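Structure record follows, encoded as structure tokens.
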Amino acid sequence: MEKQVWFLWATVAFALVVYYQLMTRRHRGKQGRSPPGPRPLPLVGNMLDLRGNNLHHTLARLAGTHGPVMMLKLGLTTAVVVSSRDAAKEAYTKHDRHLDARAVPDAATAVGYAKRSMVWLPSSDPLWKTLRGTLASGIFSPRGLAAARGVHERKVRDIVAYFRCRAGQEVDVGQALYGGALNLVSSALVSVDLVDVGADESAHGLKGIVEDLVAAISKPNVSDLFPFLRPLDLQGWRRWAKGHYDKIFGILGSIVDTRLATGKQQGGDFLDSLLELVSAGKISRDIVVTMLFDVFTAGSEAVAVTVEWAIAELLRNPRIMAKVRAEMAQVLGCKDAVEELDAANLPYLQAVVKEAMRLHPVAPIMLPHQAVAEGVELGGYAVPKGSTVIFNTWAIMRDPQVWERPDEFVPERFMFMDMAAAEKVVVEFHGKDFQFIPFGSGRRICPGLPMAERVVPFILASLLHTFEWRLPHGVSADGFEVTEKFSYVNTLAIPLKAVPVVIVV
């Protein structure tokens, strides 16, 4: 009997696939020219073309053959991949409003998460506008960042103190940075440290839970490849994700509930402002928990990984390290400690941060957009309504048509860049220079950009001001490799181990 049921399902599925493909071909004939791409196989489409450890590398290789606007078939879904500055500029300047939705993985719909999260809601949704507006006017506003400056400086001193206690020893740089960055973000948001800096088990297992969740969302799922099968959750990823969301939201929910129960304000931190909105009936307690989750998980990881990449590249490039140190000695002199505002006066260090973000973006593939209207054309090719649009920022920021020596670490390119062979301007983070979009662009640009822009250079400057960094015994700069490992963020394949040595003034 069981075999008969599965045979029936297989027959229905096959019939639906054939019907879908026939309708797709008929619909495509009414549109413009389709983007080129590798020939898809029946049912699975181009899934086999995406084999490899780093998806952004694989997509860049395929784009080298098929072009900067490329179409892939992933089961019954269609994806259009953007891999050049010009195509990205066209998408963000001409069609941003028509690409504002998200292609939501089925695992992200567990416990209603996608319907509450600014990560997955379309920008046309009133709730999305409320959430983004709350962040923009609160913790990520100039006023909010200025108010949190003291918190940032205390938490960075904690990171420095951790390394100072281990001076002369080989340390796992990324592990310490993650704990420190998590505490920096959590202290600014909810006035609570979530972890001891450098601890193996970070934040009650929060990091591990998040990594597992995002890995599940990123994995091939029959529910995403064949959307008509979503109600069945055949691989069980949605059910599995529910358990993990329950754990995370339980941890963060307890912080919110404690604040609600005691009624004690924490000097007007971000949670206080969110709970005022709850009292006014503008958002719910569950929305508050979801917002905290979104900001915690994205903000802390992005800060820590970027600083780790910057230190790794400086260790590989002693000449650049010496140049950064010379600038800091000239600007900071004999100051005991770096303050947050000092980093703005270190243009070469700022260029080092930008070059680390260009060469090793934390999000080499932006969260997928979705075309919500007909008439979108990129590079002369039609983007079908309902298709997923993927921006390969790693490839865009290594576009050889724009960047000289695109695979080399050259911070000088960010001191000044000849944008139009006529005038020199500084390339900024804010998504308007489309060859450099580590935070994305348009209305879906990362809301945490203002914090990262201040905090990342500050942490890096503090670590370079206090310590001379050395590679472990037996490892030379020439032999030190920085290979990438992409799961949900772009990390070093081998975690960075280095030796901090206190600088004696």
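The structure displayed is predicted, hence computed values, not measured ones.
Scanning both residues, Trp120 and Ala103, for their nearest heavy atoms gives CZ3-O, 3.7 Å. Taking each heavy atom of Val353 and Pro457 in turn, the nearest pair found is CG2-CA, 4.1 Å.
For the side-chain contact (heavy atoms from CB on, under 4.5 Å) criterion with Trp394, the lone passing option out of His360, Met366, His56 is His56. Each of Arg398, Glu408, Met397 was evaluated against Leu359; a single residue qualifies, Arg398, per the side-chain contact (heavy atoms from CB on, under 4.5 Å) test.
The backbone N or O of Lys485 sits less than 3.5 Å from a side-chain atom of Thr491, completing a donor-acceptor pair. For the pair Arg102 (side chain) and Val119 (backbone), a donor-acceptor distance under 3.5 Å is present. Judged by distance alone, the side chain of Thr393 and the main-chain N or O of Pro364 form a donor-acceptor pair under 3.5 Å. Side-chain atoms of Asn46 come within 3.5 Å of backbone N or O of Pro38 as a donor-acceptor pair. No donor-acceptor distance shorter than 3.5 angstrom exists from the side chain of Arg259 to the backbone of Val256, with no hydrogens or angles considered. Remark: side-chain polar atoms of Asn54 are paired, donor with acceptor, to backbone N or O of Phe486 under 3.5 angstrom. Between the His369 side chain and the Leu99 main chain, a donor and an acceptor come within less than 3.5 Å of each other. No donor-acceptor pair closer than 3.5 Å links the side chain of His95 to the backbone N or O of Glu90. Under a 3.5 Å cut-off, the side chain of Glu327 and the backbone N or O of Tyr348 do form a donor-acceptor pair. Remark: the backbone N or O of Ser124 is not paired with any side-chain donor or acceptor of Arg443 at under 3.5 angstrom.
Side chains of Thr58 and Arg61 form a contact here, defined as non-hydrogen atoms less than 4.5 Å apart. The closest side-chain heavy-atom distance from Val295 to Phe140 is below 4.5 Å. With a 4.5 Å cut-off on side-chain heavy atoms, Met47 and Leu74 count as touching. The side-chain heavy atoms of Phe296 and Ser186, taken from C-beta on, include a pair separated by under 4.5 Å. You'll find the side chain of Arg230 reaches within 4.5 Å of the side chain of Asp224, heavy atoms only. Contact annotation: the side chain of Gln235 never approaches that of Pro220 to less than 4.5 Å [non-hydrogen atoms, C-beta and beyond]. With contacts defined as side-chain heavy-atom distances shorter than 4.5 Å, the pair Leu72/Asp49 does not qualify. Annotation: side chain of Leu463 is not in contact with side chain of Val173 (no heavy-atom distance under 4.5 Å).
Ring-plane geometry between Tyr245 and Phe249 is classed as parallel, the angle between the planes falling under 30 degrees on a 0 to 90 degree scale with a further cut at 60.
Salt bridge Arg444/Asp96: absent, no basic N to carboxylate O contact under 4.0 Å. At a threshold of 4.0 Å, the pair Asp233-Arg239 counts as salt-bridged, since one of the basic side-chain nitrogens sits closer than that to a carboxylate oxygen. Between Arg413 and Glu355 there is a salt bridge, since a side-chain N of the basic residue sits under 4.0 Å from a carboxylate O of the acidic one. Between Lys354 and Asp433 there is no salt bridge, since no side-chain nitrogen of the basic residue lies less than 4.0 Å from a carboxylate oxygen of the acidic one.
Side-chain contact annotation: Ser123 with Lys129, donor-acceptor N/O pair under 3.5 Å absent.
A distance of 14.0 Å separates CG in Asp286 from NZ in Lys115, rounded to the nearest 0.5 Å.
Remark: Asn53 CG is loosely packed, at most 12 non-hydrogen atoms of other residues, nucleotides or ligands lying under 6.0 Å away. Residue Arg97 qualifies as open at atom CZ: its count of foreign heavy atoms under 6.0 Å is 12 or below.
Scanning for side-chain contact (heavy atoms from CB on, under 4.5 Å) contacts around Ser187 gives Val151, Lys155, Asp193, with sequence neighbours left out.
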### Message
Working note: Ile283 + Val278, criterion side chain to side chain contact (heavy atoms under 4.5 Å, CB included); need CA distance, chi angles, decisive distance, verdict.
### Response
CA-CA 5 Å; Ile283 59 175; Val278 173; 4.0 Å; yes
